[in-house]
Enquirer: 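Quick one: the structure is below, questions incoming.
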Amino acid sequence: MRLYFSYFSMHMKSQMQYKGNFVMLFVGQFLVAFAAVISIAFLFARFNQVDGFTFSEVLLCYAVMLMAFTLAETFGRGFDRFPVMIGNGEFDRALVRPRGLIFQVLVSQMDLTRLGRVVQALLVFAYALPTSGVAWTPDKVLTLALMVICGALLFFALFVVYAALSFFTLEGLEFMNILTDGGREFGSYPFSIYGNDILRFLTYVIPLALVQFYPLLYLTGRSTSPLHMFTPVISLLFLFPAYGLWRFGLRKYKSTGS
Amino acid sequence: MIELNGICKQFRVARRGAGLSRAVRAFVRRDHQVIHALTDVTFAIPDGQMVGYIGPNGAGKSTTIKVMCGVLTPDSGTCVIDGRVPWLERVAHVQHIGAVFGQRSQLWWDVPVGDSMELIRDIYRVDKADFRARLSELTELLQLGDLLATPARSLSLGQRMRCELAASLLHAPRILFLDEPTIGLDAVSKLAVRGFIKRLNQERGTTVLLTTHDMQDIEALAQRILLIGKGRILLDGGMADLKAHAGTGKTLTFTYAGDSAPLPGHGMTVREQTAGRLTVAVDTDTLNVSQAITQISAQVEVTDIEMASVSAEEMVASLYQAYQI
């Protein structure tokens, strides 16, 4: 943990070297995310409901996904940049350091400007929590916390999958963005609005719906089943195949070195 | 103690011809070419030895180092370094080795070098007091001085290499792998780096294995030379063995008056011939230098003679030729 903070302070120092750049990116990240909020607001100016969900409910949904994604991205960005690490030999350097590899990839990049999005997600939360009409009893607060934490871990697992795939090929990995960035964007709305096939895919294959749609049902009182409260925890099972793929890729890398 | 026994490593490389039709065919069915990166590489290096690892580009030097660092897993063969198999006990193994890859930096680009050193201390869990003692020693030996306060991006190549060396020695490794440590350095920096490596080996008994294309590095540092070509160890011995294989000899350059060019006899090979100037390599096993001079001056009026020993550079070039690598 101490080492994590050492890396953290190194990244701080690096990024502070370019003050103007840092401030502009921070503000930029903050503003970009606002565009999404505004588009949701415009949509609801025309329609009162989307698939039965109100504006504040959708906003709540958006805030959760944004927060989860941003946390994952701020701290797990090293995986996003992993193909570069392989390409320029930085990963070989990691292999000659007496530390865990996942940890080293994790700390290889920390983009603090992304915290601009965290600030923004917090603002959306501040607006959505009281207006959503949810009575914030302890079980609902717990559900919300699970959504954010497990959501962040799930996005993180997707980054690991992305990194593991780059052991095999460095090209054409953009399709993974459909699941990561796309997951965040589409996740602005409850996944049920995209139809049953998509919902099923996001339940059983890439379990994004488990941290978003089902617990949202519980939060908004559409369901009282405790199962829906704990589906985010189930989504963590996805970490196992993600880690397995990473190990598999690593074995292949160590035997081919390319 | 480093022991490699029968290490083999093959790579499968997708091969694709030029042109669109070939590219389409490669898309459907890839042709693979098997490259024998290492074939039956066997050697042992006792503690405290300084070994020069030479060979042309693509001969397998870096692959060997990667195997010894635990980055690559070989197809077959054993490698035991201080009782550990690098790729099986990666974390325990790398705690005791240092590695400098001349072309790649381990320093943080935008941050003062001293901060990078602090981070490396944390990574290797070096005790604070040990760290301070070592860093001040390294600072003195490598004349780092105010470089520690400079971001790596503002360092010259020579300054950076000195910092890289220091950075890879903070955890006092017993073995140091240097992959082209003097690449691109000016004469002064080269001397400084060489001097430091030599002292490190003599005073601390650190085992050093260095790859280089600079034969002066080898002459100045290596007690032993390993020559690798096409993935095989071709020669394992001292500078004397290298000389024996490459053929010793002298180079003579004659400047002479007159138009008729002299004809060098048996035992001399023409290296360069222009009007009024002739350079020959003399094979001292069949012809001694004074005989050579007598032969040439019998044919033309020699006005000047220069003599030089065959440089290590030429020796290696002729070795590469002799082994056809």
Side-chain angles (χ1 to χ4, degrees), chain A residues 1-22 78 84-112 167-172 247-258, chain B residues 9-14 35 37 62-63 65-75 86-101 103-112 114-116 118-126 151-154 164 167-168 171 173 177 179:
Chain A
M1 207 57 207
R2 224 176 69 77
L3 183 60
Y4 189 87
F5 284 111
S6 303
Y7 270 105
F8 185 81
S9 83
M10 287 296 269
H11 284 290
M12 275 297 255
K13 285 178 201 162
S14 282
Q15 290 176 25
M16 293 303 179
Q17 284 269 320
Y18 307 97
K19 293 188 195 76
N21 198 6
F22 182 81
V84 181
M85 239 183 131
I86 287 199
N88 67 11
E90 237 180 278
F91 189 63
D92 287 348
R93 175 56 68 183
L95 280 163
V96 297
R97 297 262 195 234
R99 293 288 183 162
L101 292 170
I102 292 211
F103 174 80
Q104 289 191 69
V105 178
L106 201 68
V107 295
S108 71
Q109 189 81 6
M110 289 182 216
D111 195 342
L112 302 173
F167 279 125
F168 301 97
T169 173
L170 292 178
E171 285 158 41
R247 295 290 307 180
F248 182 66
L250 182 64
R251 256 227 329 265
K252 194 232 162 208
Y253 178 83
K254 287 185 78 167
S255 69
T256 60
S258 57
Chain B
K9 181 79 210 165
Q10 297 181 350
F11 295 121
R12 262 161 61 91
V13 181
I35 292 181
S62 298
T63 307
I65 289 199
K66 279 184 178 178
V67 167
M68 290 190 285
C69 287
V71 174
L72 268 182
T73 314
D75 297 334
W87 57 91
L88 295 181
E89 300 159 80
R90 186 185 68 82
V91 172
H93 169 64
V94 297
Q95 182 76 43
H96 301 282
I97 64 164
V100 175
F101 302 111
Q103 317 241 42
R104 289 169 188 164
S105 180
Q106 56 178 318
L107 303 169
W108 286 57
W109 197 239
D110 289 320
V111 176
D115 289 346
S116 289
E118 285 281 346
L119 183 71
I120 290 168
R121 178 182 89 76
D122 282 341
I123 292 174
Y124 285 94
R125 302 184 174 93
V126 178
R153 72 180 130 91
S154 340
E164 297 279 352
S168 52
H171 58 294
F177 296 111
D179 198 357

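We name chains A, B, ... by the order of the sequence lines, and we start the count at 1 in each one.
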Enquirer: Looking only at non-hydrogen atoms, find the nearest pair between A:Tyr253 and B:Leu72 and report the distance.
Expert: O-CD2, 4.3 Å

Enquirer: Mind listing the closest non-hydrogen atom pair of B:Arg90 and A:Leu101 along with its distance?
Expert: NH2-CG, 3.6 Å

Enquirer: Under 4.5 Å, counting heavy-atom pairs only, tell me which of B:Ile120, B:Ile97, B:Asp115 racks up the most with chain A.
Expert: B:Asp115

Enquirer: Within a radius of less than 6.0 Å around CZ of A:Arg247, do more than 12 heavy atoms belonging to other residues, nucleotides or ligands occur?
Expert: no

Enquirer: Angle class for the A:Tyr7/B:Trp108 ring planes (parallel below 30°, perpendicular above 60°, tilted otherwise)?
Expert: tilted

Enquirer: Which atoms of B:Ser116 are under 4.5 Å from chain A, going by heavy atoms: the side chain, the backbone, both sets, or neither?
Expert: both

Enquirer: Considering non-hydrogen atoms only, spot the tightest contact between A:Ser14 and B:Val111 and give its length.
Expert: OG-CG2, 3.1 Å

Enquirer: Which distance, rounded to the nearest 0.5 Å, do you find between the SG of B:Cys69 and the CZ of A:Arg93?
Expert: 8.5 Å

Enquirer: If you compare all heavy atoms of B:Trp87 against all heavy atoms of A:Lys254, which two are closest, and at what distance to 0.1 Å?
Expert: O-NZ, 3.6 Å

Enquirer: Would you name the heavy atoms of B:Asp122 and A:Arg99 that are closest together and state the gap between them?
Expert: O-NH2, 2.8 Å

Enquirer: Pick whichever of A:Gln15, A:Met10, A:Lys13, A:Glu90 has the most heavy-atom pairs under 4.5 Å with chain B.
Expert: A:Met10

Enquirer: What residue in B:Asp110, B:Asp75, B:Thr63 has the most heavy-atom pairs under 4.5 Å with chain A?
Expert: B:Asp110

Enquirer: Find the distance between CD1 (B:Ile123) and CD (A:Gln104) and round it off to the nearest 0.5 Å.
Expert: 6.5 Å

Enquirer: Is A:Phe5 atom CZ crowded by more than 12 heavy atoms from other residues, nucleotides or ligands, each under 6.0 Å away?
Expert: no

Enquirer: I need the B:Arg104 CZ to A:Asp92 CG distance, nearest 0.5 Å.
Expert: 6.0 Å

Enquirer: What closest approach, in Å, do B:Leu119 and A:Ser6 show between heavy atoms, and which atom pair accounts for it?
Expert: CD1-CB, 3.6 Å

